[in-house]
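The chain is numbered in sequence order, starting from 1. Because the structure is predicted, anything quoted here is derived from the model rather than measured. Both ligands and their constituent atoms are indexed starting at 1 by order of listing.
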Amino acid sequence: MFMSIALSLHVLAIVVWVGGMFFAHQALRPAAVDTLEPPLRLQLWVATFKRFFPWVWLCIVLVLATGLWMMMQFPKAPIFVHAMLGLGIVMMLIFMHVFFAPYNRLKKAVAEQRWPDGGNALGQIRTMVGINTVIGIITIIVATAGKFFIT
Ligand code: HEM
């Protein structure tokens, strides 16, 4: 019973986090480049991150709490679960770096209308979100298909 709730919350949180990154990187980013001049585009990103990042923090808490709890239910957790934990921690550290470094710089630059600085910060966020999207997809493969191969 508790296992089914934990696994559902775990996977839902991953869907929100990784799906949100995929949408931002693959759909919203190119659409914003095509349609908006830098000042408006940078303001759109600040407004978007302001709404999305609190969800990512919630996802991180849920993924860690449910993941570690499920891990403790195994007498000896399989290798794919350890791989998931390792990759998950890397993703969390990358997100925290984005949140506390370039996102802060982006907010300040936009508030002070320093558009080129904002563009630099946004470029760093884009690179790191791209990396995290790829790690997220790999982790999902490890967690699902991977368990048939590495137990
Ligand atoms: C960071 C700490 C994490 C821990 C400790 C953890 C642990 C676990 C555990 C114990 C399970 C249950 C495995 C089973 O029932 O066989 C699970 C399932 C799953 N995890 Fe994680 N996980 C973590 C992060 C992640 C991340 C970052 C992702 C994806 C980006 C992810 C994706 C999944 C998926 C898709 C499942 C469902 C697998 C299935 O039932 O086929 N997990 N996780």
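Every atom of ligand 1 with a heavy atom of M92 under 4.0 Å away is listed here by number and element: 1 (C). Atoms of ligand 1 lying under 4.0 Å from at least one heavy atom of L7, given by number and element, are 18 (C), 37 (C), 40 (O). Proximity to F74 (heavy-atom distance under 4.0 Å) selects the following atoms of ligand 1: 10 (C), 14 (C), 16 (O). Applying the 4.0 Å criterion to heavy atoms of I140 picks out, from ligand 1, the atoms 29 (C), 30 (C). Listed by number with element, the atoms of ligand 1 under 4.0 Å from a non-hydrogen atom of F80 are 16 (O). Within ligand 1, counting atoms from 1 as listed, the ones closer than 4.0 Å to a heavy atom of L68 are 5 (C). For ligand 1 and M71, the ligand atoms under 4.0 Å from any heavy atom of the residue are 5 (C), 10 (C).
In this structure, Q73 falls outside the shell of residues with a heavy atom less than 4.0 angstrom from ligand 1. Using 4.0 Å as the threshold, W17 has no heavy atom nearer than that to any atom of ligand 1.
Nearest protein heavy-atom contact of atom 15 (O) of ligand 1 is M3 CE, 4.1 Å. With hydrogens left out, the protein atom closest to atom 41 (O) of ligand 1 is K147 NZ, 3.0 Å, a heavy atom.
In this structure the side chain of M92 reaches within 4.5 angstrom of the side chain of V63, judged on heavy atoms. At least one side-chain heavy atom of L106 sits less than 4.5 Å from a side-chain heavy atom of F49.
Using a distance-only test at 3.5 Å, with no hydrogens or angles considered, no donor-acceptor pair links the side chain of N132 to the main chain of M128.
With a cut-off of 2.8 Å, the protein N/O/S atoms near atom 21 (Fe) of ligand 1 add up to 2.
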